[in-house]
Enquirer: 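I have a structure I would like to understand better, so I am pasting it below and will then ask my questions one at a time.
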Amino acid sequence: MAKEWNLQKVRNIGISAHIDSGKTTLTERVLFYTGRIHAIHDVRGKDGVGAKMDSMELERERGITIQSAATNVHWGDIEINIIDTPGHVDFTIEVERSLRVLDGAVLVLCGVAGVQSQSLTVDRQMRRYNVPRVAFINKLDRAGANAYRVTDTLREKLRHNAVMMQLPIGAEDGFEGIVDLIKMKAYYFHGDNGENIEEKEIPADLKEKAQQFRHELIAKAADFDETVGEKFLMEEEPTNAEIMAAIRKGCLSLNLTPVFMGSAYKNKGVQKLLDAVGDYLPNPTEVENKALDQANNEAEVILESAPEKPFVALAFKLEDGRFGQLTYMRIYQGTVKKGDFITNIANGKKVKVPRLVRMHSDEMEDIESACAGDIVALFGIDCSSGDTFTDGNVEYTMTSMFVPDAVISLAVAPKDKTSAANFSKALSKFRKEDPTFRVHRDEESNETIISGMGELHLEVYIERMKREFKVEVVAGAPQVAYRETIGAEGPFDYTHKKQTGGSGQFAKVVGVMKPLPANSEETYQFVDNIVGGRIPKEFIPACDKGFREAVQKGTLIGFPIVGVEMNLNDGAYHDVDSSEMAFRICAIQAFRQGYERAKPTALEPIMKLEVSAPEEFQGSVMGQVNQRRGMINGTRTEEGFVTIEAEVPLAEMFGYSTDLRSATQGKGEFTMEFSRYAPTPRQIQEELVKKYQERLAAEAKK
């Protein structure tokens, strides 16, 4: 490698936010200022080019980011790997996947809307992976933008200890530049693309305000550094370097969020944000990464970002490139060179690294080797998303990421029989790429069912089948992922006897099924209360197995059963006729017996909905939510726009985007994510039961 690899100068960061906060526009500016691209294109570019990081045709058409793209840039002597992630909740796995491998993040907030529903989700994900972040308030040139208000919502809604590092000069149309509260200078951005930065004295009308906010900044920094703390108490002025070091400490400990601001679209403030990435976000050595040692009973191992240590890397994303499968990999420890052999711990296979590249969205540059702390891509390696690779000397696995359950299903089939091969090829590719995209075959109806995180999620995959695999797809009506549960205790006492020629089958199980507490993380629990060998020890697991099999499909509406605790209290066996199979069958029948007595109820997925629209449409938007059995939790009005937060059953939300558009003249927007399961109203449960009974009767006739 020509240049010396200095880990202190590396930053692996993500840019994440609520949909439409301007993340992709911001990334586009970053690429321009770091010399990666030589012209700026916008998301819905008039030049028809589209943003560099939105390399999928679909992304350019819809003006949203679907896949996280990776790129590598240099800012001064800092090397930054950037991952641009989607803001839309249906693609939440892309955000999880990126945060899993990042060391720091930039949380982008809209200067007008502030903290939105998706910002809450992203923030929760960052906390899950302990990712330090700086905030960037974007779109300060827009009508109604207010950096002070957004900083307050960051404190109130996300409970961040937010500190303003800058102040805006002017607002809305008059937004001109920023005041740096550490250097106490004003910065203006001139030139066609804001590339010429002018440093000036702070405008007279802002001087007093700047002093006041600098005092606040030092007060917050004092909590993280003794030197600054002492000077603050003695009313002495700490040096700029001391303040920056204290802010950095606070940021890395996740107890402080430095706030920067600007307008990416108007090319203001982006360079200062890049400086902040170098100043306040961690390098790979400052982040603790853990692996599980498979050779030592999954003991936790702390990985060191050292090039000479055994190689450990995580494949966090797969993509179909022009030259076959492209595997994005974050290297946590050691070094990998072109031509090396590495081992996939998931299946124990050794593979050769034929080609190593550094990615820049959909372009790439070949490299000879890469070290700990880097994010690279490899070709020609067959693996799944989330697999760990090592040099074969250690058996470490990185803990896999959190994958939420699917909430919606569709029956799909290719339009003509000739494209069946491409259809299954597409499904297996998407499944490998995206753990939240699930495919299964319904044995009863003989249909292929795809499941995902929302309507848009599945729509995008159907559209991709058409474009990438030339498969026209026929899709059935969307199916909601209902669940079943119990409302009371259900005792069971069942004897299974079967006498045919030769040895028969005999098993008896007695016990009670109980509802699990509402806040329980578990969906099923098994409690073994057998004493005195009433059922021999070797048959107990068979009972558990039978119960587990029975919860897969309820008898009420044919969906999985959740929230049950199976207590096995008594039973009987026969020396000759009892077997594992007999107890398994007996447990299934006993479960059904108890289930009928335990007041079974249907549960439906409830979605958290956030709708924003111009104020004049408030009545019709709320009316629509109420019509769909929605519960409105709150509304707030800002700058002529109303935001309505509600909880609505998913079953009522199909076709909502079309209805919302027509009710708001196309100006309304909404985001929706899964919140919880709740009992379905009686009338709807009766309809579901009736439909299920009709289906069973129709199948019986066949």
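The shown structure was predicted, so the numbers you read here are calculated from the model rather than taken from an experiment.
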Enquirer: Kindly indicate whether a cation-pi arrangement holds for Lys272 with Tyr187, taking the cut-offs as under 6.0 Å to the six-membered ring centre and within 45° of the axis.
Expert: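 Yes, Lys272 and Tyr187 form such a contact.
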Enquirer: I'd like a table of donor-acceptor pairs (distance under 3.5 Å, sequence neighbours excluded) in which one partner is a side-chain atom from residues 104-112, with atom names and distances.
Expert:
none

Enquirer: Test the Lys200-Tyr188 pair against the cation-pi criterion, namely NZ or CZ under 6.0 angstrom from the six-membered ring centroid and within 45° of the ring axis.
Expert: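 Judged by the rule, Lys200 and Tyr188 form a cation-pi pair.
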Enquirer: Just wondering, do Leu26 and Leu273 contact through their side chains at under 4.5 Å, heavy atoms?
Expert: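 When only atoms from C-beta onward are counted, Leu26 and Leu273 do touch, with a gap below 4.5 Å.
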Enquirer: By the salt bridge (Lys or Arg N to Asp or Glu O under 4.0 Å) test, which pairs, at least two apart or in different chains, include something from residues 201-213?
Expert: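 Those involving residues 201-213 are Lys185-Glu201.
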Enquirer: How far does OG1 of Thr390 sit from OH of Tyr332, to the nearest 0.5 angstrom?
Expert: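 Between atom OG1 of Thr390 and atom OH of Tyr332 there are 15.0 Å.
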Enquirer: What pair of heavy atoms forms the shortest contact from Asp192 to Asn267, and how long is it?
Expert: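 Smallest interatomic distance, heavy atoms only, reads O-ND2, 3.6 Å.
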Enquirer: Lys249 pairs by salt bridge (charged side-chain N to carboxylate O under 4.0 Å, His left out) with which of Asp223, Asp225, Asp279?
Expert: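 Testing Lys249 for a salt bridge (charged side-chain N to carboxylate O under 4.0 Å, His left out) against Asp223, Asp225, Asp279 leaves exactly one candidate, Asp225.
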Enquirer: Could you check whether Asn12 and Asp103, counting side-chain N and O atoms only, form a donor-acceptor pair closer than 3.5 Å?
Expert: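 On atom types as modelled, these side chains qualify, holding a pair under 3.5 Å.
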Enquirer: Establish, from distance only, whether the side-chain atoms of Asn633 and Glu645 form a donor-acceptor pair under 3.5 Å.
Expert: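 Judged by distance alone, the side chains do not pair up.
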Enquirer: If you compare all heavy atoms of Arg133 against all heavy atoms of Thr257, which two are closest, and at what distance to 0.1 Å?
Expert: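 That would be O-CG2, 3.8 Å.
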Enquirer: Looking at Gln166 and Met261, would you say the former's side chain and the latter's main chain have a donor-acceptor pair under 3.5 Å?
Expert: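 Yes.
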Enquirer: Can you confirm whether Thr285 sits close enough to Glu304 that some side-chain heavy atom of one is under 4.5 Å from a side-chain heavy atom of the other?
Expert: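 Thr285 does not reach Glu304 side chain to side chain.
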